[in-house]
Amino acid sequence: MLKNDILSLRNLSAKQILNILDLASNLKEQLLTYGANAKYLEGKILGMVFQKPSTRTRISFETAMLQLGGNAINLSFNDLQLSRGESIEDTARTLSLYLDILMARVYDHSDIEKLSENAKIPVINGLSDLFHPCQILADFLTIFEYKRKFKDLRLAFIGDGNNVCNDLLLGCPKMGMDIRVATPIGFEPLDWVTEIARENAILHNTDLLITSDPVEAITDADVVVTDTYISIGKENEHDRREKIFLPAYQVNSDLVQHAKKDFIFMHCLPAKREKEVSSSIIDGFHSVVWSEAENRLHTQKALLLMLLRPEFYNISGLSD
Ligand code: CP
Ligand code: NVA
């Protein structure tokens, strides 16, 4: 790999993730203390391509660039010649002539791979059907803020084995966390991702379980995570999925009785209350979803800084 692209958590080592979290904490502290960040990214421009809607990813990336003294340009799919059939390859080559860095949210993960292969600038995955690395970096910062450690924590993911679940599987074992995933049969995470996660779990001596039993997954969990079971692009499966996921895979007060008493609840948002999670949980005492959403801003600032100012904040040496 000639340049540093973040397409999933697969090619980030635990040390690199910890470096990102450390820098994110410092930037957060700087913002809270002084009301502003130093303009580390003056003159730098981020392009953001969106094939799908977004609230948090779009606004937090744009705010991150502006607060660091740079600029961000929102490139809605429909406004680009992509929508009229220009190839992703030619779009990537063209955008590399104007921008310093690119973030894209795509339906098909192969689209972000094509952007990465053809762009001369760093490419960040802002969510694909398979992965959501920026979300999991923010989740890790949030977990550390509330639990002050990763090692010996147990994370339970209840729901669809989707993009969020795949990157949690890639990330948790490396960080020393146990991960237990409960999905309905037929909605498991990707096999090859689970294989990598198993290898990492053996390497780091952590526990990994994929089950269809939510109680088995959530038992003694320190961190309980869920996500929508109707991801963007799956809307036409709404009725079928609702019958499969409800009520068994809803995170509610009955289910969390099996978690540790001091568990935290996380959800990347947007959430549908009374569907994948009850209001009593997402709006309750254990929920940290607003810290999680806020931390998107801080972790993405760190990522941008590391990719755009490698002379100061080196993230080099990403493995394949
Ligand atoms: N969590 C997340 O990625 O939110 P958006 O879809 O609003 O960007
Ligand atoms: N799994 C969800 C995450 C949204 C942030 C989706 O892909 O729509």
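We count ligands from 1, going down the list as the structure has it; atoms in each ligand are counted the same way. Predicted model, so just to flag it, every value in this text is computed and none were measured.
- Here's the thing with Asn162: one of its N/O atoms is less than 3.5 angstrom from an N/O atom of ligand 2.
- Under 3.5 Å, the side chains of Gln300 and Ser60 contain a donor-acceptor pair of N or O atoms.
- Relative orientation of the Phe150 and Phe140 rings is perpendicular, given thresholds of 30° and 60° on the angle between their planes.
- Screening Val106, Val49, Ile6, Asp5 against Ile112 for a side-chain contact (heavy atoms from CB on, under 4.5 Å) leaves a single residue, Val106.
- Nearest protein heavy-atom neighbour of atom 7 (O) of ligand 2: Asn163 ND2, 2.8 Å.
- Near Leu269, meaning under 4.0 Å from any of its heavy atoms, are these atoms of ligand 2: 5 (C).
- Of all the atoms in ligand 2, the ones that sit under 4.0 Å from a non-hydrogen atom of Leu127 are 3 (C), 4 (C), 5 (C), 7 (O).
- Here CG of Asp178 is found 7.5 Å from CG of Asp152. Values are rounded to the nearest 0.5 Å.
- Legend: residues meeting side chain to side chain donor-acceptor pair (under 3.5 Å) with Lys39, ordered by chain and number and at least two apart, are absent.
- Around ligand 1, the residues contributing at least one heavy atom under 4.0 Å from the ligand are Ser54, Thr55, Arg56, Thr57, Arg105, His132, Gln135, Cys268, Leu269, Arg296.
- Counting heavy atoms of neighbouring residues, nucleotides and ligands inside a 6.0 Å radius, atom CG of Leu32 exceeds 12 of them.
- Taking any N or O of Ser231, backbone or side chain, at least one lies under 3.5 Å from an N or O belonging to ligand 2.
- Protein heavy atom closest to atom 8 (O) of ligand 2, with residue, atom name and distance, is Ile232 N, 2.8 Å.
- Residues satisfying the side chain to side chain donor-acceptor pair (under 3.5 Å) criterion with Arg154, sequence neighbours excluded, are absent altogether.
- Looking from atom 3 (C) of ligand 2 to the surrounding protein, the closest heavy atom is Asp227 OD2, 3.6 Å.
- Note on residues 78-115: pairs passing ring pair (Phe, Tyr, Trp, His ring centres under 6.0 Å), not counting sequence neighbours, are His109-Phe131.
- Atom CG of Asp191 has 12 or fewer heavy atoms from other residues, nucleotides or ligands within 6.0 Å.
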